[in-house]
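Here the structure is laid out as structure tokens; the discussion comes afterwards.
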Amino acid sequence: MCKGLAGVTTFPATCLKSAKDIKHRLGFLLQKADGCEHSPGVKKPGSQRVRQEEVKKWAESLENLINNECGLAAFRSFLQSEYSEENIDFWTACENYKKIKTQARLPEQAQKIYEDFISVEATKEVNLDSVTREETSNNILQPTYSTFDEAQHKIFILMEKDSYRRFLKSKFYLDIVNLSSSGASTKKMKGLTTDSNPFIPQCA
């Protein structure tokens with residue numbers, strides 16, 4: 001399971017943006033990819049690398065990318081290198097919110113998501129239009145499982161039109177494509193890795 005992806009995770013405020021840092025992230029991701037759990041319908045790789053077919057599916061749609069554990073890890077690492085991970089963190093928090101089994105816990109969790117992402121004083125405020133923000137704020141008063149649906153949808157569309165397109169054109173993603181198509185194994189990737197980096201989504 002990929003640690004640091006479920007729920008709202010707090011990360012250090014600073015993050016290296018250098019090409020070297022991205023290279024280390026890439027190496028770590030490919031080395032650990034086999035340990036990630038995959039979404040239904042996605043075949044688990046038989047070796048310790050991201051499979052070419054899997055990586056190609058990431059380019060078909062944002063939904064394919066973020067519904068795959070390792071795809072989500074790669075996308076979040078890319079966004080974190082740009083200091084713009086708040087949208088994917090909000091989307092992930094909403095997904096986990098809808099999976100809460102006890103309805104009595106909804107008010108507390110809804111308030112936390114609101115304070116973290118919706119409030120004008122939120123530390124990781126997402127970019128919502130005034131109508132959606134007001135609607136979501138009203139939903140908080142009597143939270144249900146659909147409280148954040150509209151806001152989550154708006155953020156998904158925003159990522160789809162902006163950061164997802166940048167991700168597909170980035171050296172980060174293109175390197176993953178090239179290495180997966182060339183059959184890069186864990187052994188070959190050792191030269192790209194360093195000691196555990198707290199900014200990298202770790203799989204175990």
Provide the closest heavy-atom pair for [X] versus [Y] in the form atom of the first, atom of the second, distance.
X: Trp58; Y: Asn64; value: CD1-O, 4.3 Å
X: Phe172; Y: Ala74; value: CE2-O, 3.2 Å
X: Asn127; Y: Asn87; value: N-OD1, 4.4 Å
X: Asn68; Y: Gly71; value: OD1-N, 2.8 Å
X: Ala110; Y: Pro143; value: CB-CB, 3.9 Å
X: Ile113; Y: Ala93; value: CD1-O, 3.8 Å

For the residue pair [X] and [Y], establish whether any side-chain heavy-atom pair is separated by less than 4.5 Å.
X: Asp116; Y: Lys124; value: no
X: Gln152; Y: Glu95; value: yes
X: Gln103; Y: Tyr145; value: yes
X: Glu125; Y: Arg133; value: yes
X: Asp89; Y: Arg76; value: yes

Checklist entry - With sequence neighbours excluded, what pairs up with Glu135 under the side chain to side chain contact (heavy atoms under 4.5 Å, CB included) test? => result Asn139, Glu150
Distance (rounded to the nearest 0.5 Å) between [X] [atom1] and [Y] [atom2]:
X: Leu62; Y: Phe75; atom1: CG; atom2: CZ; answer: 5.5 Å
X: Ile100; Y: Leu106; atom1: CD1; atom2: CG; answer: 5.5 Å
X: Thr92; Y: Leu72; atom1: OG1; atom2: CG; answer: 5.0 Å
X: Glu54; Y: Leu65; atom1: CD; atom2: CG; answer: 10.0 Å

Next on the checklist: Which label fits Tyr173 and Phe167: parallel for a plane angle under 30°, tilted from 30 to 60°, or perpendicular past 60°?
Outcome noted: tilted
Checklist entry - Can a donor-acceptor pair be found between the side chains of Asp129 and Thr132 at a distance below 3.5 Å? => result yes
Next on the checklist: Quick one, Tyr164 with Leu158, criterion side-chain contact (heavy atoms from CB on, under 4.5 Å). Give me CA distance, side-chain angles, the key distance, then yes/no.
Outcome noted: CA-CA 9 Å; Tyr164 174 58; Leu158 183 62; over 6 Å; no
Next on the checklist: Consider ring-ring contact (aromatic ring centres under 6.0 Å, His included). Of Trp91, Tyr97, Phe90, which one does Phe117 pass it with?
Outcome noted: Phe90
Checklist entry - Would you find more than 12 non-hydrogen atoms of other residues, nucleotides or ligands less than 6.0 Å from Glu63 atom CD? => result no
Checklist entry - Would you find more than 12 non-hydrogen atoms of other residues, nucleotides or ligands less than 6.0 Å from Lys56 atom NZ? => result no
Checklist entry - Of Glu108, Gln109, Glu115, which meets side chain to side chain donor-acceptor pair (under 3.5 Å) against Gln111? => result Glu115
Item to check | side-chain contact (heavy atoms from CB on, under 4.5 Å) between Lys98 and Asp149, worked out | outcome: CA-CA 9 Å; Lys98 291 183 286 189; Asp149 282 1; 3.7 Å; yes
Next on the checklist: As a quick check of understanding, evaluate side-chain contact (heavy atoms from CB on, under 4.5 Å) for Ile157 and Lys161, giving each step before the final call.
Outcome noted: CA-CA 6 Å; Ile157 297 300; Lys161 292 180 178 180; 3.7 Å; yes
Next on the checklist: Has Thr102 got a side-chain atom pairing as donor or acceptor with Ala104's backbone, closer than 3.5 angstrom?
Outcome noted: no
Next on the checklist: For Ser170, give me all partners under side-chain hydrogen bond (donor to acceptor under 3.5 Å, both in side chains), at least two apart in sequence or on another chain.
Outcome noted: none
